[in-house]
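Worth saying up front: this structure is predicted, and the values here are computed from it rather than measured.
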Amino acid sequence: MEPITLTTDRFLLRPFIPDDAEAVCRICQDPDIQRWTTVPSPYLREHAEEFTGHTVPEGWHNGTMYTFAVLPREGGPLMASVSVTLRTYSGTWEIGFWTAAEFRGRGIMTEVVGALAHWAFTRLRATRLEWRAEVGNTASRAVAGKAGFTMEGTLRAALLNNGTLRDTWVASILPADLGLTSDYAHLPASVAAPAESRDKHGRPGTGPGRDVSAAV
């Protein structure tokens, strides 16, 4: 896909460019970004140059990761980064983000995540957008919740960070959650799995919905 820009009420989302390397390097010195994301630690200027000059454009070129720099709509400094990464070819993408320390607490990422979710469903035809974060990253979890994601649980050893596997929270948002349509129908488990039948005494029976072999 050719790089594009998006706008929200307050922000401009555009692909990173090499000139952003200095700002990215400065922002990623933040201990919280290094602790809760998978950016290199320590974070060096060469990492920022690789990210802005190679990782971002390569993702746009091969269609596997679309990363945006977040700036004030009327002009101003780099405030945040947000990306969607292809996880399965059935249409599951994962969203990731960080915000510069001085711009946190202003609702920036909630607004941006909502806009990018809408774009992923309408432009990329995503069927599911996931959010994942290491257990304990309550700030990121708060953003996901405010943006409409449904928390689904904890995955054991699902995130590799600094050579250690970490337990990970996972949540999702679907097109229907935003009033959008999907290329595929969704059959929820509550509909797909019939209720267990019971006999007149309230005990599990062997009628429809009761798999006897599975209970042995």
### Query
Which atom names give the shortest non-hydrogen contact between Pro175 and Ser182, and what distance separates them?
CG-CB, 4.0 Å
### Task
For Gln34 and Cys28, indicate whether the former's side chain and the latter's backbone hold a donor-acceptor pair under 3.5 Å.
yes
### Phe51 to Ser81 - nearest heavy-atom pair and separation
CZ-OG, 4.2 Å
Tabulate below the donor-acceptor pairs under 3.5 Å that side-chain atoms of residues 146-158 make, not counting sequence neighbours, or state none.
{"from": "Glu152", "atom 1": "OE1", "to": "Arg128", "atom 2": "NH2", "distance (Å)": "2.7"}
{"from": "Glu152", "atom 1": "OE2", "to": "Arg128", "atom 2": "NH1", "distance (Å)": "3.1"}
{"from": "Glu152", "atom 1": "OE2", "to": "Ser172", "atom 2": "OG", "distance (Å)": "2.7"}

### Task
Decide if atom CD of Gln29 counts as having more than 12 heavy atoms of other residues, nucleotides or ligands within a radius under 6.0 Å.
yes
### Query
Knowing that exactly one of Asp19, Ile17, Asp20 qualifies, which makes a side chain to side chain contact (heavy atoms under 4.5 Å, CB included) with Thr52?
Asp20
### Message
Using the salt bridge (charged side-chain N to carboxylate O under 4.0 Å, His left out) criterion, which residues pair with Arg132? Sequence neighbours excluded.
### Response
Glu130
### Task
Please check if Val84 and Leu86 belong to a single hydrophobic cluster, counting links between Ile, Leu, Val, Met, Phe, Trp and Tyr side chain heavy atoms closer than 4.5 Å.
yes
### Query
Can you tell me how far the NE2 atom of His118 sits from the CD1 atom of Ile173, to the nearest 0.5 Å?
10.5 Å
### Task
Taking Thr127 for its side chain and Gly91 for its backbone only, find out whether a donor-acceptor pair lies under 3.5 Å.
yes
### Query
Does Glu111 use its side chain to pair, donor to acceptor, with the backbone of Thr8 at less than 3.5 Å?
no
#### Entry: Derivation of the side-chain contact (heavy atoms from CB on, under 4.5 Å) call for Glu22 and Arg45
CA-CA 7 Å; Glu22 181 176 351; Arg45 175 61 183 257; 3.9 Å; yes
### Message
With rounding to the nearest 0.5 angstrom, report the CG to CZ distance, Leu6 to Arg123.
### Response
10.5 Å
### Query
Would you call Thr138 and Trp36 a side-chain contact if the rule is heavy atoms closer than 4.5 Å?
no
### Task
Determine, using the 4.5 Å side-chain heavy-atom cutoff (strictly less than), whether Val82 and Met1 are members of one ILVMFWY cluster.
yes
### Query
Honestly curious: do Leu159 and Trp98 fall in one hydrophobic cluster under the side-chain, below-4.5 Å linking rule?
no
### Query
If you group Ile, Leu, Val, Met, Phe, Trp and Tyr by side-chain heavy-atom gaps below 4.5 Å, do Leu180 and Val112 land in one group?
yes
#### Entry: Distance, nearest 0.5 Å, that separates CZ of Phe103 from CG of Leu71
9.0 Å
### Query
What is the minimum heavy-atom distance between Thr67 and Trp60, and which atoms define it?
O-NE1, 3.2 Å
### Task
Could you tell me whether the side chain of His47 and the main chain of Leu44 form a donor-acceptor pair under 3.5 Å?
yes
### Test item: Tyr43 and Val24 side chains (from C-beta on) under 4.5 Å apart, heavy atoms
yes
### Task
Could you tell me the separation between the OG1 atom of Thr64 and the OH atom of Tyr89, rounded to the nearest 0.5 Å?
7.0 Å
### Query
Under a 4.5 Å side-chain heavy-atom rule over Ile, Leu, Val, Met, Phe, Trp and Tyr, are Leu124 and Ile4 clustered together?
yes
### Query
Under 3.5 Å, side chain of Thr5 to main-chain N/O of Leu12, donor-acceptor pair present?
no
### Task
Could you tell me whether a side-chain N or O of Asp30 sits under 3.5 Å from a main-chain N or O of Ile27, the two making a donor and an acceptor?
no
## Note on the structure
In this structure, CG of Leu129 is separated from CH2 of Trp119 (nearest 0.5 Å) by 11.0 Å
### Message
Within this structure, what is the OG1-CZ distance for the pair Thr99 and Arg104, rounded to the nearest 0.5 Å?
### Response
6.5 Å
### Query
Taking the six-membered ring for Trp, are Tyr66 and Trp93 parallel (under 30°), tilted (30 to 60°) or perpendicular (over 60°)?
parallel
### Query
Can you name the residues that form a side chain to side chain contact (heavy atoms under 4.5 Å, CB included) with Ala133, not counting sequence neighbours?
Trp131, Asn137, Ser140
### Task
Determine whether more than 12 heavy atoms belonging to other residues, nucleotides or ligands lie under 6.0 Å from atom CD of Glu50.
yes
## Note on the structure
Closest heavy-atom pair, Pro77 versus Pro72, reported as atoms and distance to 0.1 Å, is O-CD, 3.3 Å
